[in-house]
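Let me begin by presenting the structure, written as structure tokens, before commenting on it.
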There are 2 protein chains.
Amino acid sequence: MPIDAPKRLTIYNLAILAGSSPSTVSAVLNGTWQNRRISEKLAARILAVAADADYSVNMQARALRRERSGIIGMILPLYDNRYFSSIAQVFEAEARKRGLFAIVSCTNRDPQQEQEAAQMMIGHRVEKLICTGATDPDSIARMCQPHGVATINLDLPGKLAPSVISANRDGARTLTEAILGRLKARGTPNDPIIFVGGRIEDHNTRERIAGFKAALKAHGLQRPDENIMPCGYSGLHAAPVLDAYLLKHKALPSAIFVNSTITLEGIARWFHQQGHNMSEIVFGCFDWDPLAAVFNPHFLMVRQNVPIMVERLFELMERPPSSADEVIEIQPEILGDVA
Amino acid sequence: MPIDAPKRLTIYNLAILAGSSPSTVSAVLNGTWQNRRISEKLAARILAVAADADYSVNMQARALRRERSGIIGMILPLYDNRYFSSIAQVFEAEARKRGLFAIVSCTNRDPQQEQEAAQMMIGHRVEKLICTGATDPDSIARMCQPHGVATINLDLPGKLAPSVISANRDGARTLTEAILGRLKARGTPNDPIIFVGGRIEDHNTRERIAGFKAALKAHGLQRPDENIMPCGYSGLHAAPVLDAYLLKHKALPSAIFVNSTITLEGIARWFHQQGHNMSEIVFGCFDWDPLAAVFNPHFLMVRQNVPIMVERLFELMERPPSSADEVIEIQPEILGDVA
DNA sequence: CATCGTTGCGCAATCGATTGTGCATTATGT
DNA sequence: ACATAATGCACAATCGATTGCGCAACGATG
């Protein structure tokens, strides 16, 4: 092992090795040599030399000169969740297909971290920035705009950039109707049903609540709003909410609309700790996790259509959107045995 | 909205705005101005102008000139799994703490994708490359070496770079003993137990099998090797394996050592489809998923210690390893009710 | 008053790839 | 044979930040 790489390998070195010039080497290596009328013979020789010497283009130099980085950024609340991790994975694969390099940064649903990450992304001269589940997408859009970085919102919409989101209201209504169907099948169509989880400040939760209420109303059921408890996404907040419900009603609700798998985790933990049996209750979860689904096939779960959402995302990047605040809604899928 | 950013904002523009020079602006903005004896007054003025103009350093230019990118790369089999997504998340947070920018790429346990991703990373001049769960880490180390990019292996070890992995053999032995303890508690200490999932080609699976066998042996149990079925990670392969077992033995095993949550998913699906009851069987899984754990608190699960593993990773990066193929083993944790 | 040391800052080269332009050769047309 | 066109390639400027070096202005010292 040498003490250090004696000399970095550049197109200048390659030019000498191949008996040519840097500009020719560059053109050959980046594929524009046809336009420059480089002979096939020389191109082949240069390619051989480059391969032999194990050359690798310096992306920073390329980006600097081209004034475009070939990088596309995404900020994400977290990786550690099947919905978001799947978004990251599909996003990366699609970016790669398009010759773009994806960089993803987690921001923990924290507006300040979101903005810091966006600053980083701008520094790295990303060509676009996808704001996934951002608590404050409009601030990010405003930060990016003067730098010529277009943003697109995913999962949660904003007003200053086009957005791709799930059809939350419709999905929630369908899920709620499925829950009501289960209750009816059990012969207890009028039993109490509650909504747990999410943040009332975020668009998705509000829409889901609207869908939830609409479904109840359509079935002639009126429920007090106190049965709607958007207590945050963290699973920790589920326990106090359930405790309070139990204390007040001296009984568990017959059905629960759970607003995320993270909340579901908290609820399941509470049930286990309290010694209650989850299978006596109808669960509908607006989110999907394969392990949860397979362990509890009777659960009703809504799977957001990540592949389509990401596909639309890239379409928006490629075709300019009709308006700055266009919102594309993607229908999610409802899963669960019709037990 | 302007047709385009009229002029990109650079230190040259800032220098004019602040009535100074590019080199001074640069020094002020990157914090080295004290060394250059720039007056506090001028520094403050430049900072004000920069903030006011919403300036953002061009990282490619900086990287090019400094000959270091400030980027650290990681390749990963997939995001869509709680173990790996957690690794990505912790890695990114730790990198950020150190002023590094993390880029992560999924390679689907495919050696070719691993190498392509490594090429990309080298092109972006990552300062280090972490190969997580790589099927062929040594090839990557060989690719990186001539470019002066140090690699570190995570989760699966290699011979050409230091590695941080879980104590697979110990963990598997402990897990197996816990399973045996459950069997004994049920009064059926000699019932059959099988091992399902993983790849026999990979180090971790081999070590876990060794631990599994060692625990059986220590308890005076000899099991035929045909009960060890490393049928791959995908959940799809679990079904045929279980079908075959059932066909041959006319009964289910009393305990199953499952080698990953992905395999567990396949097994659970099979149980549900076949109408078997999982709770009659002792499950031990060498992997952890919070939802699986909370839905099946009686499951024995091994949680690999991701925070510590990543911490050791960064220590290896900062302190040179004692030898090129040093392997650091991190003890995992065993979870599950002592029901 | 001359010398020397500080303080404060700007000049210009540099990192490596890209690309507009120009200059030799060689083919083609008349 | 001569003008024109096409072919094949190299020169040199450029992207934006960094950094070794040097120079002026000023104060301190003898």
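Because the structure is predicted, anything quoted here is derived from the model rather than measured.
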Check your understanding: Counting only N and O atoms by type, is there a donor-acceptor contact under 3.5 Å from the side chain of B:N58 to the main-chain atoms of B:T10?
Key -> no
Check your understanding: Contact class for A:S23 (heavy atom, under 4.0 Å): base, sugar-phosphate, or nothing?
Key -> base
Review point. For A:L316 and A:E326, which heavy atoms make the closest approach, and how far apart are they?
Key: CD2-OE1, 4.2 Å
Review point. Partners of B:R96 by salt bridge (charged side-chain N to carboxylate O under 4.0 Å, His left out), sequence neighbours excluded?
Key: B:E92
Practice item. Count the heavy atoms of every other residue, nucleotide or ligand shown that sit under 6.0 Å from CD of B:E315, and state whether that count exceeds 12. Key: yes
Exercise for review: With heavy atoms under 4.0 Å as the rule, sort B:S26 into base, sugar-phosphate or nothing.
Suggested key: base
Review point. Taking 5' to 3' order, which nucleotide of DNA chain D is first and which is last to have an atom within less than 4.0 Å of a heavy atom in chain A?
Key: D:dT7 to D:dG16
Exercise for review: Verify, without hydrogens or angle tests, whether A:D155 (side chain) and A:T132 (backbone) share a donor-acceptor contact under 3.5 angstrom.
Suggested key: no
Check your understanding: Looking only at heavy atoms, which two atoms of B:P157 and B:P137 are closest? And how far apart?
Key -> O-CG, 3.7 Å
Collect all protein-nucleotide pairs involving nucleotides 24-28 of chain C in which both atoms are nitrogen or oxygen and the distance is under 3.5 Å.
none

Check your understanding: Pick the nucleotide of DNA chain C nearest each of B:A61 and B:S21; which residue has the one closer to the 5' end?
Key -> B:S21
Check your understanding: Does A:E114 reach the main-chain N or O of A:I140 with its side chain, forming a donor-acceptor pair under 3.5 Å?
Key -> no
Distance-only donor-acceptor pairs under 3.5 Å for side chains of residues 37-57 of chain A, two or more places apart:
from  : atom 1 : to    : atom 2 : distance (Å)
A:S39 : OG     : A:L42 : N      : 3.2
A:R45 : NH1    : A:A18 : O      : 2.4

Point to revise | Partner set under side chain to side chain donor-acceptor pair (under 3.5 Å) for B:E94, not counting sequence neighbours | key: B:K97, B:R98
Revision key, fill the gap. Expected list for residues 29-41 of chain B near DNA chain C, using heavy atoms below 4.0 Å, is B:R36, B:R37, B:I38, B:S39
Review point. Which comes earlier along DNA chain D counting from the 5' end, the contact point of B:R65 or that of A:R65, where each point is its nearest nucleotide?
Key: A:R65
Check your understanding: How are the rings of A:Y79 and B:Y79 set relative to one another: parallel (under 30°), tilted (30 to 60°) or perpendicular (over 60°)?
Key -> parallel
